[in-house]
Amino acid sequence: MQLLRTLKKCASYKRRWWRVSQNVLYGLGHVYNDLCAAMWFSYMLLFFQAVLDMRAVVAGAMLLLGQVVDALATPVVGVLADKYGTKKAWHLTGCILVTATFPLLFIRCWGCWFNENTQYLYWWMPLYYAVLIIFFQIGWAVVQISHLAMIPSITDNLQVRAELTSIRYMASVMSSLTVYLITWVVLRATTYSTFISQTDDYKFRDVSLIISGLGVISFMAFHLFFKLRREDKSGKGAPVVQNGNGTFVHQDNEAAKLPAKSKIMYFLRMPLLYQTSLLYVFSRLYWALSLVYVPLFLEERLSVNPSAGSELVASVPLVLYISSFFFSLLLKSKINSFGNQVVYFIGSCLSLGSCLWIALAIDPEASIVQIYMVATLIGAGSSITLVSSLCVTADLIGPHSHQSAAIYSIVTFADKLVTGIAVVAIQNYKCDDVVDCPQYYRGVLTYACGGSAALGILSLSLTKLISIKTKPEV
């Protein structure tokens, strides 16, 4: 009997260890995308404007192009991934495409030096990087949607799905931390400069190559060791309704017997799908604008107060992501206790508070300690809203793992377009002469990021009001 109990304990331990190890391996699957995203949002505009000397509006158009391609590729990938092949096969295809294009985005193109004969650069440089961006963003979208769609395929348990979402976000935070740490080391180890200039192109090249090496190792480990259960494309599963406390209940009725195409239409007719999409859009918009404009704000600040040096461009985002990592760890165990919508509201309030702090206290003479404290608040707000909005989406999908890619593509479609349009609008209104608007990017962090957080709170309020007025069927 004692031997039997010991064997059962060993078997139970093995099962737990297997589940934990598989969840961690799942997190590795999006590491390369997260490394690329941190570099793309935080340093692409800085690289294009400060190193390649590209005009602000053209640099903004490059980012918009990437977001539009990503947005258009997302629903196509979502539909195709649910119909053809396996999600791991789609994931591998996307990783290969990202590997072939991403490092080149931060390497100066051939002949791209401004000198006495530079007229051709005004069309050659944007064309060269536009082609790279198109293929990179298609690969990025394939990896993102196929990886997200694996969550419902891994488990039907909503608590485990929330845990997987938190692990995925923690992997994202760790990836971003790695990018900023590498950037900080490269900026410190190479020739010191107060500002980022055209001669710093090799620093961005080195960072992108190091990141690509780490990304390749991570997705190879994912494909070698992560085991995904056989995918069910039969279209079976219960429909979903929202209950009063913001979670989801799945019911068995004739809608469960609909074919896959009709089931997608069933989801498209659900107001909850669009409410969930709005929560995700505004959380992503706040996150993306923060990533894009915190480095530019710091570079802008250095023109007035250069005492900290250019490595501040890496150290402040590093603090931001350390804060994100801490709060994502906290959410892993607490999110189910409070409910996704309550957690989202708390995160939005923290995000809004960071923007008010920038508006009222972070002038060019503000201490570095204050800047680090604001970065901590930004990291907390962004991690809380992103994780909770993705948990709401996973709850919405429920047992419908056969349509998870299509649903995630619908939820993520708008945020990519909105982010791209917002960046182009911000870049378009930037003054040509810095003297005319010396604190332009401070205003961006105040009003654009603050507006995103406020709209998130408004969307959450509308969602709550609708859920109260329309009582669920149980």
Side-chain contact, heavy-atom cut-off 4.5 Å: Phe204 with Arg108? no
Could you walk me through whether Ser42 and Tyr293 satisfy the side-chain hydrogen bond (donor to acceptor under 3.5 Å, both in side chains) test, starting with their C-alpha distance in whole Å, then the side-chain angles of each, then the deciding distance to 0.1 Å, before giving a yes or no? CA-CA 7 Å; Ser42 294; Tyr293 289 108; over 6 Å; no
Distance col, row Ile358:CD1 vs Cys449:SG, nearest 0.5 angstrom, shows 7.0 Å
Supply the atom-to-atom distance Asp70 CG to Ile133 CD1, rounded to the nearest 0.5 angstrom. 12.0 Å
Partners meeting disulfide bond (SG atoms under 2.5 Å apart) with Cys109 (sequence neighbours left out): Cys112
Worked check of side-chain hydrogen bond (donor to acceptor under 3.5 Å, both in side chains) between Tyr372 and Ser315: CA-CA 9 Å; Tyr372 285 141; Ser315 62; 3.1 Å; yes
Over 60° means perpendicular and under 30° means parallel, so classify the ring planes of Trp287 and Phe41, tilted if in between. perpendicular
What I'd like to find out is whether the side chain of Phe219 reaches to under 4.5 Å of the side chain of His30, using heavy atoms alone. no
Are Lys203 and Asp206 ion-paired here, with the side-chain N under 4.0 Å from a carboxylate O? no
For Ala59, side chain to side chain contact (heavy atoms under 4.5 Å, CB included) partners two or more places apart: Leu45, Phe48, Gln49, Met54
For Ala422 and Leu289 the tightest heavy-atom approach is CB-CD2, 4.4 Å
Rounded to the nearest 0.5 Å, what separation is found between the OG atom of Ser172 and the CG atom of Leu35? 9.0 Å
Please list every donor-acceptor pair under 3.5 Å in which a side-chain atom of residues 136-143 meets a protein atom from a residue at least two apart or in another chain.
unit_1 : atom_1 : unit_2 : atom_2 : d
Trp140 : NE1    : Asn33  : O      : 3.0

Establish, from distance only, whether the side-chain atoms of Ser175 and Tyr32 form a donor-acceptor pair under 3.5 Å. no
Of Val69, Leu63, Val68, the one forming a side-chain contact (heavy atoms from CB on, under 4.5 Å) with Leu65 is Val69
